[in-house]
K.L.:
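The structure's right below; bear with me while I get my questions together.
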Amino acid sequence: MITTRRLAVLWLFALSCSGQGLEFIKSHYTKYEFQIPMRDGKHLFTSVYVPKDTHEKFPIMLSRTPYSVSPYGVENYKTALGPSEKFAREQFIFVYQDVRGCYLSEGDFVNMTPHRAVKRGPQDTDESTDTYDTIEWLTHHVPNHNGNVGMWGISYPGFYTAAGIIDAHPALKAASPQAPIADWFIGDDFHHNGTLYLPHIFRFLSSFGHPRPVPTVPPPAGSQPNVLTQQDGYSFFLGLGPLSNVNEKFFKNDVPFWTEIAQHPNYDEFWQARDLRRHLKNIKPAVMTVGGWFDAEDLFGALNTYQAIEKNSPGANNMLVMGPWFHGGWERSDGDSLGRVQFGSKTAVFYRDEIELPFFNHWLKGKDDPKLPEAFVFETGTNQWRKEDAWPPRDVLPKTLYLQAGGRLAFDATQGAGTEFDEYVSDPAKPVPYIGGQGAGMTREHMVEDQRFASTRTDVLTYQTEVLDADVTLAGPLTASLFVSTTGTDSDWVVKLIDVYPEDYPNPASNPTGVHMGGYQQLVRGEAMRGKFRHSFSKPEPFTPGKMEKVEWVMPDIDHAFRRGHRIMVQVQSSWFPLVDRNPQKFVDIYNARLTDFVKATQRVYRGPAALSGVKVNLRPAR
């Protein structure tokens, strides 16, 4: 029999485990603030939370951010410390730093600070040197540490974590770049294969892009209204007109990075210098890169940071974790669903408790080796974790899903009689929406959005397999390979890989919005390509109207099982709005395009014997 006293004890225990909270942090940690000197004489503002327990020494956990280490003042504490709630109870020394030129740190802020491979003196600084100097100071001035340092960060802080492992301080033993930015032109955040993710960059730069005096502290939450919060993104950006209106109507020459972007429309030295991948060499700390299969922002960065370390630093202790998450969802959610798609378990809780904390405990505290695999990946569709000794898996088989006559899709290249192409008219004045409803900007859920709305449009080509008689599991990168022509001189090409549910697929048990999941067309992966970059991202070339050409691009990896009874679908289109900015379909500098430059074009996708269009995939053998 459970007594009232016992119930009270259990309730208090549950309450204590439910989160950290301000009172727990203040009662178990002492906060300090420092201006840490860098080798060039600048000082970076740093908050340090030290455990009050002095019976043992603790490792340091460092996070560097451009988004502020708020709250400021030694009497003002964060309500949570570390990557997850269990870290504060496990006890580490937590360190948060405003990066150079942000808020209370001195110096000039530079977006995606280019790494300096050669340093000629103390004035040659970058994020690697600032990390090194910070750790050097901490290990000499913060008491009661055990000599080991770890780093972590999500998104932009993930970039600073990845930069910090280059030429790392010897005390830096483990790091976890999570959704790190790797390349802002090829695939992260604002650009995908030369296309511009318009609502994402507009929203980000509307708040983050304006100059801030240094020193300063962030404005109160909600004090910077965003014009997108109350408007439908499709109508807002269509009404905006050409990209030149972004500055003329809204930024008004007060967002320097937008001006820089407009001055560098191609993959020139400006962007190449901000590609961190080429510098990830001779990595010494243990690295756990984390990403989400449905991260709309930095999926590219997670996959490519891991691959760059594998390629450039083959002796490194390097692992990859990929789950069914939106951007940062492994930290900020249970990870059991996204939109209308269910994953069958609390995947993010599993990651935090069984992967992340054991990783840092092992490398920083010397606790038991959790024997984590090279790649810990969640297979969607079957909704199960898989442990792999390589990524992509070693046993996958290269295959191609070929586009065929009559809207068919198959692994064999057999073509039926009739025309050897499909065509549609692409009209920039009526672009294909990227979601079926309304949204203020770039939604998280579009990564698994129902594509039935797109299948009905005449400017979207749709191909699908017969009903599958066995599971088909694809693991690794995809490559869209199209033979196309256009009556214009430039064009975008968008390819989407879709899981079509059977008509008798059950609706969720709790269904307040009346969702009908039968026939649901779940986006598994979609990616756009700006056609003028088909041969080189640095040297764009126009199309010759009517001339067939091959356009091929890599799409981010997946690990997805198309279940028996489902179908596999591929859609091809030339706009995806407003997620992707409109292509005028005329070979011009799009940042300076005029309204009269936007023209209709007739697009053809070829699928005959001499021009086999399709999607190259990696097929898992049946198990």
Side-chain angles (χ1 to χ4, degrees), residues 32-48 59-66 69 92-102 104-143 145-153 156-178 180-182 273-274 276-289 305 308-309 312-313 315-318 360 363-364:
Y32 301 90
E33 293 181 340
F34 304 104
Q35 287 283 2
I36 296 182
M38 301 293 106
R39 64 190 64 186
D40 65 343
K42 300 299 183 183
H43 293 77
L44 304 190
F45 183 86
T46 308
S47 297
V48 180
I60 295 171
M61 286 288 288
L62 170 64
S63 180
R64 307 184 66 241
T65 180
V69 302
F92 293 79
I93 298 168
F94 296 100
V95 178
Y96 297 87
Q97 184 175 76
D98 285 336
V99 298
R100 184 178 290 252
C102 285
L104 296 187
S105 286
E106 298 174 350
D108 297 322
F109 175 73
V110 177
N111 270 298
M112 286 286 288
T113 312
H115 180 78
R116 298 174 182 263
V118 178
K119 276 89 170 174
R120 296 180 174 85
Q123 297 305 311
D124 285 350
T125 62
D126 54 26
E127 302 309 332
S128 172
T129 63
D130 282 356
T131 303
Y132 190 105
D133 294 349
T134 297
I135 295 174
E136 178 71 6
W137 190 93
L138 291 169
T139 54
H140 283 85
H141 293 85
V142 174
H145 67 80
N146 70 358
N148 297 329
V149 178
M151 284 190 76
W152 90 101
Y156 222 148
F159 159 76
Y160 292 108
T161 301
I165 66 177
I166 303 170
D167 302 325
H169 192 285
L172 183 59
K173 299 300 196 304
S176 183
Q178 301 178 7
I181 306 165
R274 286 163 170 77
L276 193 66
R277 294 171 293 173
R278 64 190 69 185
H279 302 293
L280 292 168
K281 304 174 181 178
N282 194 30
I283 302 303
K284 300 299 185 184
V287 182
M288 180 178 70
T289 303
T305 294
I309 296 173
N312 300 331
S313 192
N317 192 307
N318 181 41
F360 280 111
W363 290 105
L364 303 183

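In what follows, residues are counted from 1 in the order of the sequence shown.
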K.L.:
Roughly how far apart are L172 CG and I283 CD1, rounded to 0.5 Å?
P.N.:
9.5 Å

K.L.:
Step through it carefully: locate the ring centre of W152, locate the ring centre of F360, and say whether they are under 6.0 Å apart.
P.N.:
no

K.L.:
Taking all atoms of both residues into account, what is the closest heavy-atom pair of V118 and D124, and its distance?
P.N.:
O-OD2, 4.2 Å

K.L.:
Between V142 and V95, is a side-chain contact (heavy atoms from CB on, under 4.5 Å) present by the stated rule, with each step listed?
P.N.:
CA-CA 10 Å; V142 174; V95 178; 5.8 Å; no

K.L.:
Going from CD on E127 to OG1 on T161, what distance comes out if it is rounded to the nearest 0.5 angstrom?
P.N.:
11.0 Å

K.L.:
List the atom of D40, the atom of R100, and the distance in Å for their closest heavy-atom pair.
P.N.:
OD2-NH1, 2.6 Å

K.L.:
Check S105 against V99 and note the closest heavy-atom contact, atom names and distance.
P.N.:
CB-O, 3.4 Å

K.L.:
Do L138 and V48 come close enough that some side-chain heavy atom pair is under 4.5 Å?
P.N.:
yes

K.L.:
Sequence neighbours left out, what passes ring-ring contact (aromatic ring centres under 6.0 Å, His included) with H43? Give chain and number order.
P.N.:
none

K.L.:
Give me the one residue out of P177, S176, S313 that meets side chain to side chain contact (heavy atoms under 4.5 Å, CB included) with V287.
P.N.:
P177

K.L.:
Taking the side chain as every heavy atom from C-beta outward, state whether P114 and R274 have any atom pair closer than 4.5 Å.
P.N.:
yes

K.L.:
Measure up the H169 and Y132 rings against each other and bin them: parallel (under 30°), tilted (30 to 60°), perpendicular (over 60°).
P.N.:
tilted

K.L.:
Does the N312 side chain pair with the main chain of R277, one donor and one acceptor, at a distance under 3.5 Å?
P.N.:
yes

K.L.:
Which atom pair, heavy atoms only, marks the closest approach of S47 to V69?
P.N.:
OG-CG2, 3.7 Å

K.L.:
M38 versus E106: any side-chain heavy-atom pair under 4.5 Å?
P.N.:
no

K.L.:
Between N146 and L364, is there a donor-acceptor pair closer than 3.5 Å when you use the side chain of the first and the backbone of the second?
P.N.:
yes

K.L.:
Specify whether Y160 and Y156 have parallel, tilted or perpendicular ring planes, treating 30° as the upper limit for parallel and 60° as the lower limit for perpendicular.
P.N.:
parallel

K.L.:
Measuring from atom OG1 of T131 to atom CD of Q97, what distance do you get when rounded to the nearest 0.5 angstrom?
P.N.:
7.5 Å

K.L.:
Going from CD on Q123 to CZ on R39, what distance comes out if it is rounded to the nearest 0.5 angstrom?
P.N.:
11.0 Å

K.L.:
Count the heavy atoms of every other residue, nucleotide or ligand shown that sit under 6.0 Å from NZ of K119, and state whether that count exceeds 12.
P.N.:
yes

K.L.:
Between S63 (side chain only) and Y96 (backbone N and O only), is there a donor and an acceptor less than 3.5 Å apart?
P.N.:
no

K.L.:
Report the distance from atom CG of N111 to atom OG1 of T113, rounding to the nearest 0.5 Å.
P.N.:
8.0 Å

K.L.:
Rounded to the nearest 0.5 Å, what separates atom NZ in K42 from atom CG in D133?
P.N.:
14.5 Å

K.L.:
Does the pair R64 and D130 meet the rule for a side-chain contact (heavy atoms from CB on, under 4.5 Å), with working shown?
P.N.:
CA-CA 10 Å; R64 307 184 66 241; D130 282 356; 3.4 Å; yes

K.L.:
Using a strict cut-off of less than 4.0 Å between a Lys/Arg side-chain nitrogen and an Asp/Glu carboxylate oxygen, indicate whether R116 and D126 qualify as a salt bridge.
P.N.:
no

K.L.:
Of all heavy-atom pairs between L280 and A162, which one has the smallest distance, and what is that distance?
P.N.:
CD2-O, 3.7 Å

K.L.:
Kindly give the heavy-atom pair with the smallest separation between S128 and I166, and that separation in Å.
P.N.:
OG-O, 2.6 Å

K.L.:
Can you check whether W137 reaches T46 side chain to side chain, under 4.5 Å on heavy atoms?
P.N.:
no

K.L.:
Output all residues satisfying ring-ring contact (aromatic ring centres under 6.0 Å, His included) with H145, sequence neighbours left out; order by chain, then residue number.
P.N.:
none

